[in-house]
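Residue indices begin at 1 and follow the sequence shown.
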Amino acid sequence: NPACGLPAQLTTGLAALGNVTSYTDTTLNPNIGYLYSVSALDAAGNESIQSSIKTITTPPVPDTTAPTVSVTAPAASSEVKGSSVNLTATATDNVAVASVQFYLNYQGNPASQKLGPSLTSASGNAYIYAWDTTTLGNGNHSLTAIATDTSGNTSTSTTITVTVNN
């Protein structure tokens with residue numbers, strides 16, 4: 001019934017169904033509310049009172065797009081030292097980035113050496129962590145960042161190598 005807020009094409013489509021006891025609406029779009037009510041016709045063509053309106057909301061399209069992330073500081077192949085070296089990663093997503101986690105000498109295992117907490121707030125798209133290199137031996141170390149979006153999709157940055165020289 002258009003007066004009840006149903007789209008006209010849906011009302012027209014339902015009116016042409018004839019003698020049916022069920023209906024599957026294949027014209028739906030994601031994340032939209034639809035209103036439905038039904039009535040019955042007897043063999044003589046008498047129509048019953050319409051049912052109360054039922055609102056159905058279709059689920060949103062699931063987010064399957066992973067965020068992008070890259071380590072932007074320090075520069076690859078640079079020398080670092082001290083108790084407060086800024087690690088910076090930029091991350092973006094089609095919906096929202098939930099967190100970025102830095103890793104030291106990452107080997108593909110998320111339980112490996114995390115650097116600090118999972119970062120959940122950014123300055124612009126930049127996630128920054130102050131890294132204390134004084135707890136490491138001198139030499140080459142790799143840095144990786146993993147971004148997670150609000151749907152749980154993840155992506156891993158390209159690993160960069162830096163030289164610790166304290």
- Item | Qualifying residue for side chain to side chain contact (heavy atoms under 4.5 Å, CB included) with L143, from L115, V80, T159 | L115
- Task: Looking only at non-hydrogen atoms, find the nearest pair between A91 and V100 and report the distance.
- Result: CB-CG2, 3.8 Å
- Query: Is any side-chain heavy atom of F102 closer than 4.5 Å to a side-chain heavy atom of T144?
  - Reply: no
- Message: I need the minimum non-hydrogen distance between A145 and V69, along with the two atoms involved.
- Response: O-CG1, 3.8 Å
- Query: Of the non-hydrogen atoms in L119 and I128, which two are nearest, and what is the gap between them?
  - Reply: CD1-O, 3.6 Å
- Message: With a 4.5 Å cut-off on side-chain heavy atoms, are D149 and V97 touching?
- Response: no
- Does CD1 in I32 sit with more than 12 non-hydrogen atoms of other residues, nucleotides or ligands closer than 6.0 Å? yes
- Item | S39 and E47: CA distance, side-chain angles, deciding distance, side-chain hydrogen bond (donor to acceptor under 3.5 Å, both in side chains) verdict | CA-CA 7 Å; S39 63; E47 185 174 1; 2.5 Å; yes
- Query: Among side-chain atoms of S99 and T120, is any donor-acceptor pair under 3.5 angstrom?
  - Reply: no
- Item | Sequence-distant partners of N140, side chain to side chain donor-acceptor pair (under 3.5 Å), two or more places apart | T163
- May I have the step-by-step check of side-chain hydrogen bond (donor to acceptor under 3.5 Å, both in side chains) for S151 and N153, ending in yes or no? CA-CA 6 Å; S151 296; N153 302 308; 4.6 Å; no
- Query: Got T133 and V162 here, is their nearest side-chain heavy-atom distance under 4.5 Å?
  - Reply: no
- Query: Cluster question for you: counting only ILVMFWY and a side-chain heavy-atom cut-off of under 4.5 Å, with indirect links fine, are L136 and V71 together?
  - Reply: yes
- What are the two closest non-hydrogen atoms of P67 and S155, and how far apart are they? O-OG, 2.5 Å
- Between Q101 and P117, what is the shortest heavy-atom contact and its length? OE1-C, 3.5 Å
- Query: Would V85 and L104 show up in the same hydrophobic cluster when neighbours are defined by side-chain heavy atoms closer than 4.5 Å?
  - Reply: yes
- Message: Clusters formed by hydrophobic residues whose side-chain heavy atoms approach within less than 4.5 Å: which one holds Y103, and what are its other members?
- Response: Y106, I146
- Item | Pair D132, T134: side-chain N/O donor-acceptor within cut-off below 3.5 Å | yes
- Item | Nearest heavy atoms of V61 and P30, plus distance in Å | CG2-CG, 3.2 Å
- Item | Pairs satisfying ring-ring contact (aromatic ring centres under 6.0 Å, His included), at least one member in residues 127-166, at least two apart | none
- Item | Contact check, side chains of Y36 and I56, non-hydrogen atoms, under 4.5 Å | yes
- Which distance, rounded to the nearest 0.5 Å, do you find between the CG of N138 and the CG of N165? 5.0 Å
- Task: Determine whether the side chains of N86 and T88 contain a donor N or O and an acceptor N or O closer than 3.5 Å.
- Result: no
- Message: Applying side-chain hydrogen bond (donor to acceptor under 3.5 Å, both in side chains) to S70 and T90, what does each step give before you reach the verdict?
- Response: CA-CA 6 Å; S70 61; T90 56; 3.2 Å; yes
